[in-house]
Protein chains: 2
Amino acid sequence: MVKPTDSTALPTPKRSRRGSGAVTLHDVARLAAVAPITASRALNTPDQVSPEVRQRVAEAVAALGYVRNHQAGALASARSRLVAAVVPTLSGPVFGPMLQALTEALAGQGYQLMLGQSGYVDSREDALLDAIIGRRPDGIVLTGVMRSPEGRRRLLACGIPVVETWDLSPDPLDLLVGFSHAEVGRAVARFLAARGRRQLAVVAGDDERSQRREQAFCRAAAELGLPQVRVIRVPAPTTLQSGRRALAQWCAEGPPVEAVFCSSDLLALGVLTEAQARGLSVPQALAVVGFGDQDFAADLNPALSSVRIDGQAMGRQAAQWVVDRAEGRAIAERVVDLGFSLIERSST
Amino acid sequence: MVKPTDSTALPTPKRSRRGSGAVTLHDVARLAAVAPITASRALNTPDQVSPEVRQRVAEAVAALGYVRNHQAGALASARSRLVAAVVPTLSGPVFGPMLQALTEALAGQGYQLMLGQSGYVDSREDALLDAIIGRRPDGIVLTGVMRSPEGRRRLLACGIPVVETWDLSPDPLDLLVGFSHAEVGRAVARFLAARGRRQLAVVAGDDERSQRREQAFCRAAAELGLPQVRVIRVPAPTTLQSGRRALAQWCAEGPPVEAVFCSSDLLALGVLTEAQARGLSVPQALAVVGFGDQDFAADLNPALSSVRIDGQAMGRQAAQWVVDRAEGRAIAERVVDLGFSLIERSST
DNA sequence: ATGAAAGCGCTAACAT
DNA sequence: ATGTTAGCGCTTTCAT
């Protein structure tokens, strides 16, 4: 038995920091009989070490059950491999596909997603920013564009790549992938007018982007010489119930509505449901258009016409940009307009 | 001009690390004329410093636009204030409320959420674990229980608090908040039988938890002396379309179904939609029960009976546990059964 | 291809 | 209440 030699005159380790007890890269290196830095290279840049060493390190890792400490690595290399995403809410299904694609694309390249919820209120976005920047992510993906000047300043100052999404903007902070909400509103208005609908209505969430669609829709209707559009605003996130109530209200008073543009598919489902409950036939008496083209839209009865947005493509683009920046690659385009498509189904 | 003195014998600062250029706590401390650790305390434990110093540090922070570096803090204190959550998918709406509540509860206490997607396949869960553990979160929230023995071992070994959710299990890894899927299945079968329905059917996702509900449902039906339950399995995540197809298939062959238990509200909406398309009256000819009691269930026409799960409560409980552990507080109960409620509406 | 030294920015432990 | 010192675990820079 080899007892740890009680070295008589060793400079006694005065302070003892508990040191989490976990196995570190140094332990791996010792077992593999190499310097720590070599073990590091064996894991991060395997081509830089001999196959022999690579092998020994791999064995040591397995033997000790080593799991790298990314936090330490991040501090030393100033690259956290963490990407922050900010969404208004997780409760609606709208941002799911984008987040899913984002998470997956990032995971595939060794990055991890940090999630923040801003609510639909700008003030909370600012508070979140501190929490996020403090974690030094390699990128920040925003849902919508950053409006608050204070927020913009902070983001610019911290030097972290920022991707704004779900919108277009004349002056992006940094990178931007999205589509034009105004275009959507116009397209839907023209679409309905072209099908002979004159008395249009819109039910929209009270968030900024829904309102831009709503306003463009109304303006386009006016330009087409249609009667005043009937508008109902409902709290975001939107619900089926709000959709039902909107149609109920329109039916209760005022001129009969011939077509409704809903700022979400859920609202549209509400309108469809209320129409069915009232014996209003869709699309004969009432045309309905949703927004988002969620999974269920195509299979409703009647199938729901909707505006399709490619959330997954947005997520993938954002991931690509962030990783490219982190790896120091040049970025060709800094703004991508993904557009949208108006899918015509039997509800119109 | 001062040229860099070619110091003949100075111990030349040989290495220069670029040091990210950001303002650090040391800069703040210098400006406030205190030691770095004092500045640290002024920010983290304000009661430990004099109001005067607190004030000076606050001014310095503002003047320099300092944002703390959590990564460095995490390394030094072995507390990352990061919590990892693993969900099968973000695409469905099912986990939204839990994640939302979790994120919010954590944010309120200075913690941030890291998100991982496992898919519905166990193998990916293992790979994710490495990425997560490597980031040294202060807690890991799992959707469902961890089955893979390898995964269990890793989680146990790393010493990070783990909360399993959305399920009950005889041998929780650590902490567990959920409900019994078997109980749900039984309750729904009894509920339908009590209303005189005899020919039952179930359409269920092919994930493990849906199947446990399905199986308990079938067993209970058998025990009640009902005819063989008709079962259709569909891929998770479940869709409206799968629901429509299931009902269509039942109508096409075999004895007429009198009641359906769907493993999600979306499936139920599909069944409702198909029933309406076929002129099958709900609840007269067909009773329908969903699962999840999502927002829209109550406002469908007919209103959907469903099994209500309190996802937000799960999120809050998980957050509470993780933070308690991180702050070193004792934990009273390590298992919480949140139960469920069967909400009866007009679809039955 | 491998290694030695020096930190990254912060905080725990030990003073005073 | 404040300061000194010594790291946390890793990777950079420079040297061989």
Side-chain angles (χ1 to χ4, degrees), chain A residues 11-30 32-57 61 64 66-81 133-136 158 328, chain B residues 11-30 32-57 61 64 66-81 133-136 158 328:
Chain A
T12 40
K14 335 178 90 166
R15 285 117 210 267
S16 65
R17 262 180 106 161
R18 61 184 183 311
S20 77
V23 359
T24 72
L25 190 53
H26 282 70
D27 301 327
V28 172
R30 198 176 315 133
V34 294
I37 181 61
T38 304
S40 170
R41 286 197 271 250
L43 297 179
N44 297 317
T45 51
D47 327 294
Q48 288 186 30
V49 302
S50 67
E52 202 185 342
V53 164
R54 213 180 303 158
Q55 169 72 10
R56 288 213 313 273
V57 169
V61 164
L64 297 173
Y66 169 73
V67 182
R68 60 134 37 77
N69 186 331
H70 254 105
Q71 303 260 18
L75 183 59
S77 68
R79 290 191 41 200
S80 62
R81 289 166 181 280
I133 297 176
R135 260 104 186 175
R136 302 292 190 271
C158 70
Chain B
T12 40
K14 337 180 90 166
R15 286 116 213 267
S16 65
R17 266 182 103 159
R18 62 185 183 311
S20 77
V23 1
T24 73
L25 191 52
H26 282 69
D27 301 327
V28 171
R30 197 176 316 131
V34 293
I37 183 64
T38 304
S40 170
R41 286 197 271 249
L43 297 178
N44 296 316
T45 50
D47 327 294
Q48 287 186 30
V49 302
S50 66
E52 202 184 343
V53 164
R54 213 179 302 157
Q55 169 71 12
R56 288 215 310 275
V57 170
V61 165
L64 299 173
Y66 169 72
V67 182
R68 61 143 25 86
N69 186 331
H70 255 104
Q71 303 259 19
L75 183 59
S77 66
R79 290 189 42 199
S80 63
R81 288 165 182 280
I133 297 175
R135 261 104 187 175
R136 303 290 191 271
C158 71

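Below, chains carry the letters A, B, ... as their sequence lines are ordered, and counting in each starts from 1.
Following rounding to the nearest Å, B/N44 (CG) and C/dA12 (C1') show an atom-to-atom distance of 12 Å. Between the CG atom of A/L25 and the P atom of D/dG9 there is a distance of 11 Å, rounded to whole Å.
OP1 or OP2 of D/dT2 lies within a sub-4.0 Å distance of a side-chain N or O belonging to B/S50. Between B/S40 and C/dT11 there is a side-chain polar atom (N or O) within less than 4.0 angstrom of OP1 or OP2. The side chain of B/R68 places an N or O atom within less than 4.0 Å of a non-bridging phosphate oxygen (OP1 or OP2) of C/dT11. Taking 4.0 angstrom as the limit, A/N69 places none of its side-chain polar atoms (N or O) nearer than this to OP1 or OP2 of D/dC8.
Under 3.5 Å, the side chains of B/R135 and A/N69 contain no donor-acceptor pair of N or O atoms.
Here A/H26 lies in heavy-atom contact (under 4.0 Å) with a base. Using a 4.0 Å heavy-atom distance criterion, B/A72 is classed as a base contact.
Among the nucleotides C/dG3, C/dT11, D/dG3, the one closest to the side chain of B/R41 is D/dG3.
Mapping A/A33 and B/P36 onto DNA chain C via the closest heavy atom, the residue that lands nearer the 5' end is A/A33.
For A/R136 against C/dG9, no side-chain N or O and base N or O form a donor-acceptor pair under 3.5 Å.
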